[in-house]
Amino acid sequence: MIDGERRTSADGSFRTIDPASNTTLAEVAKGTPQDVNDAVSSSRDALRVWRRTKPVERARILDGISKAVLAHSEELARLESLDTGKPLTQARADVTVAARYFEYYAGLADKLVGLSIPLGDDFLDYTLREPIGVSAQIVAWNYPMQIGCRGIAPALASGSTVVVKPASEAPLSILRLAELALDAGLPRGVMNVVTGPGATVGMGLASHPGINQITFTGSVDVGAVVMGAAAKNCVPVVLELGGKSPNVVFADADLDLASPIIAKAILQNAGQTCSAGSRLLVQHEIADELLERVEKLLSSATIAPGLEDPDIGPLISKRQLDLVQGHVDQAKRDGVEIITGGSESAEASERYGGFFYSPTLALAKPDAAIVREEVFGPVLAATTFADEDEAIGFANATDYGLVAGVWTKDIVRAHTVAREIESGQVYINGYGAGGGVELPFGGYKKSGFGREKSLEGIGSYLQTKNVCVRLT
Ligand code: NAD
């Protein structure tokens, strides 16, 4: 979708599949370097107009996109569910959050005020907050609508324009969003979308001299390569990478409250969530009871295609299924106890033809690979701790730091542990707060840097100019 028009590609197309049935959903244009050039130059042209569009007009158009997304929410949710495999309820929630990003940043577009800085009678000094320019948005496949809109909405609110590169596993909802945005009055070229392989389209975009900023969501390895490309052109980059987020449960926690939330934190999107609660750190005294409760919830989860709205849908691909199984096989070799799951859900895979994995609970020593490495599947690695110091040490013993949950009725302990945990978000007696659009989100350590969502999120798309007038 370049300069307001759908195009084919000189390089032909690739298939996006329904991961529940392993059948083709659509043929999608396999973008070329020329397509990337065309998209960047379209976004550069559009920038000249968009940055000068009155902030209130930008706000109204963004609000119109939000309303258009809501008006097409069922269509978008079904498309997202089909393309990613996620349960329909989850896809509906994702679309609601996607609309909320446009609503939230529409409200900010005309409030990007600068400062007046007192220097005495000799000077008048003020700052302008100007759009960064053309933003390259490289999106992961697990939450295309949410992740896409999380970056696109603040960029557009700032007066910047975007070229979006969706993941090849799930590109359909972002293409549809681009059409809805045009219908809602977004001038052509303000949002271009180029589909195609990461190595050509993603890298072509990240290394393009015509872009001014990159927002990348994906794996640590590819994030590092994208950062290298950004370094060559000296453009800033926001990296939203992986996670191995813990729920830390103390003996005084309310287990009736905690257990279903802990189970949901790993079942959601079949564990293919950057902020999945994929580690469970539990105090010795309550370990047996909590593990039994969580085991029951995981083993009774319904497994089916996303459109049937089960608790858990398929993994995104055969490759992902093999990756998950590889982690679990390694855990078995490491002597980790598999309490439930531990293998493909053969029944669902045979019945529907896709890539289903059984929710898995493993009990491991804190140094086991399954406790430290991101699996990106429905695999919860539990470990036990003795006291607060040990809990904090275990919580921080990974390369990642995205989200954490702390469960206790002791208010002092709750805040102390929250302060000590190295992660971008900490929830106390909970895990998540709806879409969290208003809350700063981003990584410590290898989970990345830069903050998205919230008031902070728009900062990545602005640059400050200081203007100083000599008066005498
Ligand atoms: P990935 O890194 O393979 O791909 C991410 C995106 O980068 C895709 O659009 C892909 O096509 C593109 N890409 C691939 N190679 C590229 C290259 N050489 N140059 C430029 N772009 C390239 O990641 P994935 O498998 O799609 O997603 C899984 C990972 O993403 C997990 O580690 C997960 O934790 C992380 N993730 C993080 C967040 C977050 O907000 N922190 C959200 C979702 C996913």
Side-chain angles (χ1 to χ4, degrees), residues 14 16 19 28 30-31 33 36 83-84 86 94 97 101 136-151 163-171 174 193-208 211 214-230 232 237-245 268-278 315-317 319-324 327 373-377 398-403 423-425 432 435-437 439-453 457 460:
F14 65 92
T16 180
V28 183
K30 194 171 167 193
V36 174
D83 212 5
T84 63
K86 67 180 62 196
D94 288 4
V97 173
Y101 279 116
Q137 302 266 331
I138 302 177
V139 178
W141 44 260
N142 52 350
Y143 289 78
M145 278 296 283
Q146 274 211 49
I147 293 172
C149 296
R150 176 173 91 186
V163 180
V164 188
K165 156 45 186 124
S168 297
E169 292 86 346
I174 289 181
V193 182
V194 187
T195 48
T200 48
V201 174
M203 191 32 69
L205 189 57
S207 57
H208 200 289
I211 60 150
I214 303 170
T215 294
F216 172 85
T217 308
S219 60
V220 175
D221 289 349
V222 178
V225 173
V226 165
M227 199 170 151
K232 287 204 180 103
V237 53
V238 174
L239 294 183
E240 295 285 6
L241 308 176
K244 190 73 182 179
S245 299
Q268 181 172 314
N269 210 34
Q272 303 164 115
T273 304
C274 51
S275 54
S278 55
L315 299 182
I316 189 75
S317 61
R319 177 176 169 268
Q320 194 65 22
L321 187 78
D322 292 342
L323 279 173
V324 171
H327 282 285
E373 293 171 6
E374 185 183 50
V375 174
F376 227 54
T398 72
D399 288 342
Y400 297 106
L402 198 54
V403 174
S423 81
Q425 289 191 334
V437 172
L439 315 179
F441 178 78
Y444 276 43
K445 305 193 280 188
K446 282 192 179 165
S447 289
F449 54 78
R451 291 293 175 268
E452 297 203 85
K453 309 186 172 191
S460 306

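Atoms within a ligand are numbered from 1 in the order they appear, just like the ligands themselves. Along the sequence shown, residues carry numbers from 1.
- Contact check for Lys30 versus Pro197: side-chain heavy atoms found under the 4.5 Å cut-off.
- A 4.5 Å side-chain heavy-atom check between Asp399 and Lys445 finds every atom pair outside the cut-off.
- The CG atom of Asp221 sits 8.5 Å away from atom NZ of Lys446, with the distance rounded to the nearest 0.5 Å.
- Side-chain contact between Asn142 and Phe376 is present, with heavy atoms from C-beta onward closer than 4.5 Å.
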Subject >> Evaluation steps, side-chain contact (heavy atoms from CB on, under 4.5 Å), between Leu439 and Lys453 >> reply: CA-CA 6 Å; Leu439 315 179; Lys453 309 186 172 191; 5.7 Å; no
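- Every atom of ligand 1 is numbered from 1 in the order shown, and the set under 4.0 Å from a heavy atom of Arg150 is 39 (C), 40 (O).
- Between Ser447 and ligand 1, a contact under 3.5 Å exists for no N or O pair.
- Counting heavy atoms from C-beta outward, Ile147 and Glu240 have side chains that stay 4.5 Å or more apart.
- Across all their heavy atoms, Ser168 and Gly196 have their closest contact at OG-O, 3.1 Å.
- Heavy atoms of Glu169 come nearer than 4.0 angstrom to ligand 1 in no pair at all.
- Per-residue contacts place Met203 under 4.0 angstrom from the following atoms of ligand 1 (heavy atoms of the residue considered): 19 (N), 20 (C).
- For atom 41 (N) of ligand 1, the nearest protein heavy atom is under 4.0 Å away.
- Proximity of Val222 to ligand 1, defined as any heavy-atom pair under 4.0 Å, is confined to the side chain (atoms from C-beta onward).
- Using a 4.5 Å heavy-atom threshold, the side chains of Val222 and Val226 count as touching.
- Closest protein heavy atom to atom 31 (C) of ligand 1: Glu374 OE1, 3.5 Å.
- Near Gly202, the atoms of ligand 1 lying under 4.0 angstrom from a non-hydrogen atom of the residue are 19 (N), 20 (C), 21 (N).
- By the 4.5 Å heavy-atom criterion applied to side chains, Lys86 and Tyr143 are counted as neighbours.
- Protein heavy atom at the shortest distance from atom 12 (C) of ligand 1 is Ile138 CG2, 3.7 Å.
- A distance of 11.0 Å separates CE of Met203 from NZ of Lys165, quoted to the nearest 0.5 Å.
- Among protein heavy atoms, atom 37 (C) of ligand 1 sits closest to Leu241 O, 2.7 Å.
- Under a 4.0 Å criterion applied to the non-hydrogen atoms of Gly198, ligand 1 contributes the atoms 11 (O), 13 (N), 14 (C), 15 (N), 16 (C), 17 (C), 19 (N), 20 (C), 21 (N), 22 (C).
- Here the protein heavy atom with the shortest distance to atom 28 (C) of ligand 1 is Phe376 CE2, 3.6 Å.
- At a 4.0 Å cut-off, not a single heavy atom of Tyr143 sits close enough to ligand 1 to count as contact.
- Of all protein heavy atoms, the one closest to atom 24 (P) of ligand 1 is Trp141 NE1, 3.3 Å.
- Of all protein heavy atoms, the one lying nearest to atom 3 (O) of ligand 1 is Ser219 OG, 4.0 Å.
- Counting the atoms of ligand 1 from 1 in the order shown, those under 4.0 Å from a heavy atom of Cys274 are 34 (O), 36 (N), 37 (C), 38 (C), 39 (C), 40 (O), 41 (N), 42 (C), 43 (C), 44 (C).
- Short contacts between ligand 1 and Asn142, defined as distances under 4.0 Å to a heavy atom of the residue, involve ligand atoms 43 (C), 44 (C).
- The N/O atoms of Phe216, backbone and side chain alike, include none that comes under 3.5 Å of an N/O atom in ligand 1.
- Taken from CE in Met227 to CZ in Phe216, the straight-line distance is 12.0 Å, to the nearest 0.5 Å.
- Numbered from 1 in the order shown, with element, the atoms of ligand 1 that lie under 4.0 Å from a heavy atom of Phe441 read 40 (O).
- Per-residue contacts place Val139 under 4.0 angstrom from the following atoms of ligand 1 (heavy atoms of the residue considered): 6 (C), 8 (C), 9 (O).
- Taking CD1 of Ile174 as the start and CE of Met145 as the end, the distance is 8.0 Å to the nearest 0.5 Å.
- Of the candidates Ala276, Ser245, Gly218, it is Gly218 that places a heavy atom closest to atom 29 (C) of ligand 1.
- Proximity of Ile147 to ligand 1, defined as any heavy-atom pair under 4.0 Å, is confined to the side chain (atoms from C-beta onward).
- Looking at heavy atoms from C-beta onward, Cys274 lies in side-chain contact with Phe441 at the 4.5 angstrom threshold.
- The closest side-chain heavy-atom distance from Val375 to Val324 is below 4.5 Å.
- Nearest protein heavy-atom neighbour of atom 11 (O) of ligand 1: Lys165 NZ, 2.7 Å.
- For atom 5 (C) of ligand 1, the nearest non-hydrogen atom of the protein is Thr217 O, 3.5 Å.
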